[in-house]
Amino acid sequence: MTRLFLGIRSTFFYFGYYFFTVILSIIFILFFPILPPKGRHVIACIWCDSILVWLRLCCGVKYRIIGIDNLPKSPAIVIANHQSSWETILFYKLIFPVSPILKKELIAIPFWGWSMRLLKPIAIDRSKPREAGKSLMIQGVDRIENGNSVIVFPEGSRSKFGTVKRFSRGGAKLAVAAKTDIVPIAHNAGYCWPARDFIKKPGLITVVIGERIAIADLDANELTVVVESWIRKTVEELS
């Protein structure tokens, strides 16, 4: 396929992406006050499914999940590699209840950001690393104690397909502070949805959900090494 043809397909995808996002965000905001948490999750799932199906129809992007039984059934810290926006869409569908960690400025985005604000995400200011670390601990422990899992992308920013940046210790520190397990997830979404690239490529994305990692007597440094090693090894195998 030529890049021009892929660009046309990607353009059609983004038209649908923004359409579904605006419509379902309006519905979510209007009905949020009267919906129970499960009902809010259903609307979020409808949005996620709409985007993933539209992506498959427009761009030929499919996916498979290995280890679906390892998804957290009780509050946990979900730590994953970060290659695109695709995995965030899938994770919001798979994990419930959940509080994602995101950049503070994202909740100001019209419609999508407004909806995310209602879900009580952990919004941090990356321009102030020290304050962001404290905010992560305070908000993260609160979300865990209130029954939510927390999604952490310890690379900090999206990586190129097939690569994994060095992990920060934030996710492991939160697991130790909240006294909860870690669920590692690895994927190769960057092949079909490259970071900072408009073009979406056809292909099969594989997501591998690992077994829960108990904090036991490990400190944050040791936990980070264990999780990063597993994710790095799995990403290499997928690439």
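For this chain, numbers begin at 1 and follow the sequence in order. Computed from a prediction, not measured in an experiment: that's the story for all the values here.
Under the 4.5 Å side-chain heavy-atom criterion for ILVMFWY residues, a single connected hydrophobic cluster contains both I26 and F19. By the criterion of side-chain heavy atoms lying less than 4.5 angstrom apart, applied directly or through intervening Ile, Leu, Val, Met, Phe, Trp or Tyr residues, I46 is grouped together with L35 in one hydrophobic cluster.
F32 CZ: more than 12 foreign heavy atoms inside a 6.0 Å radius. Shown here is K179, whose NZ atom has no more than 12 heavy atoms of other residues, nucleotides or ligands within 6.0 Å. Surrounding CZ of R64 are at most 12 heavy atoms belonging to other residues, nucleotides or ligands under 6.0 Å away. The number of heavy-atom neighbours closer than 6.0 Å to CZ of R169, taken from other residues, nucleotides and ligands shown, is 12 or below.
To the nearest 0.5 Å, atoms OG (S10) and CD1 (I199) are separated by 4.5 Å. Of the inter-residue distances, the one linking T180 atom OG1 with E145 atom CD reads 11.0 Å to the nearest 0.5 angstrom. The distance from the CG atom of L71 to the OG atom of S149 is 9.5 Å, given to the nearest 0.5 Å. Note that CG of D49 and CD1 of I89 are 11.0 Å apart. Values are rounded to the nearest 0.5 Å. Note that CG of L30 is 8.0 Å distant from CD1 of I27, once rounded to the nearest 0.5 Å. Distance check, rounded to the nearest 0.5 Å: CG of L136 to CZ of R143 gives 10.5 Å.
Looking at D197 and R158, no side-chain N of the basic residue comes within less than 4.0 Å of a carboxylate O on the acidic one, giving no salt bridge. One finds a salt bridge joining E237 and K233 here, because a Lys/Arg side-chain nitrogen approaches an Asp/Glu carboxylate oxygen to under 4.0 Å.
For the pair E155 (side chain) and K165 (backbone), a donor-acceptor distance under 3.5 Å is present. Proximity of a side-chain donor or acceptor of T88 to a complementary backbone N or O of S85 within less than 3.5 Å is detected. Within the 3.5 Å criterion, the main-chain N or O of P194 finds no donor-acceptor partner in the side chain of S84.
Using a 4.5 Å heavy-atom threshold, the side chains of I182 and R212 count as separate. Contact check for C58 versus F15: no side-chain heavy atoms found under the 4.5 Å cut-off. Residues R9 and K200 have side chains not in contact (no heavy-atom distance under 4.5 Å, counting atoms from C-beta outward). Between P202 and L6, the closest side-chain pair of non-hydrogen atoms falls below 4.5 Å. Looking only at side-chain heavy atoms (C-beta outward), H187 and I65 stay at 4.5 Å or farther from each other. The shortest side-chain heavy-atom distance between P97 and H41 does not fall under the 4.5 Å cut-off. Using a 4.5 Å heavy-atom cutoff, the side chains of L223 and V226 are not in contact. Looking at L218 and V225, their side chains never come closer than 4.5 Å, going by heavy atoms from C-beta outward.
Minimum interatomic distance between P72 and I95 (heavy atoms only, all atoms of both residues): CG-CG2, 4.3 Å. Residue S50 comes nearest to L24 through the heavy atom pair OG-CD1, 4.2 Å, listed as atom of the first residue, atom of the second, then distance.
Considering N188, L238, I66, I185 in turn, I185 is the only one that fulfils the side-chain contact (heavy atoms from CB on, under 4.5 Å) rule with V207. None of Y63, W86, F13 except one satisfies the ring pair (Phe, Tyr, Trp, His ring centres under 6.0 Å) rule with W193; the exception is F13.
In summary, the aromatic rings of W47 and Y92 are positioned with their centroids too far apart to meet the 6.0 Å limit.
In this structure, a donor-acceptor pair under 3.5 Å is absent between the side chains of T224 and E228.
Grouping Ile, Leu, Val, Met, Phe, Trp and Tyr by side-chain contacts under 4.5 Å, direct or through others, puts F161 with Y191.
Note on ring orientation: taking the six-membered ring where Trp is involved, the planes of Y14 and F198 are parallel (angle under 30°, cut-offs 30° and 60°). By the 30° and 60° cut-offs, the orientation of the rings of F20 relative to W54 is perpendicular.
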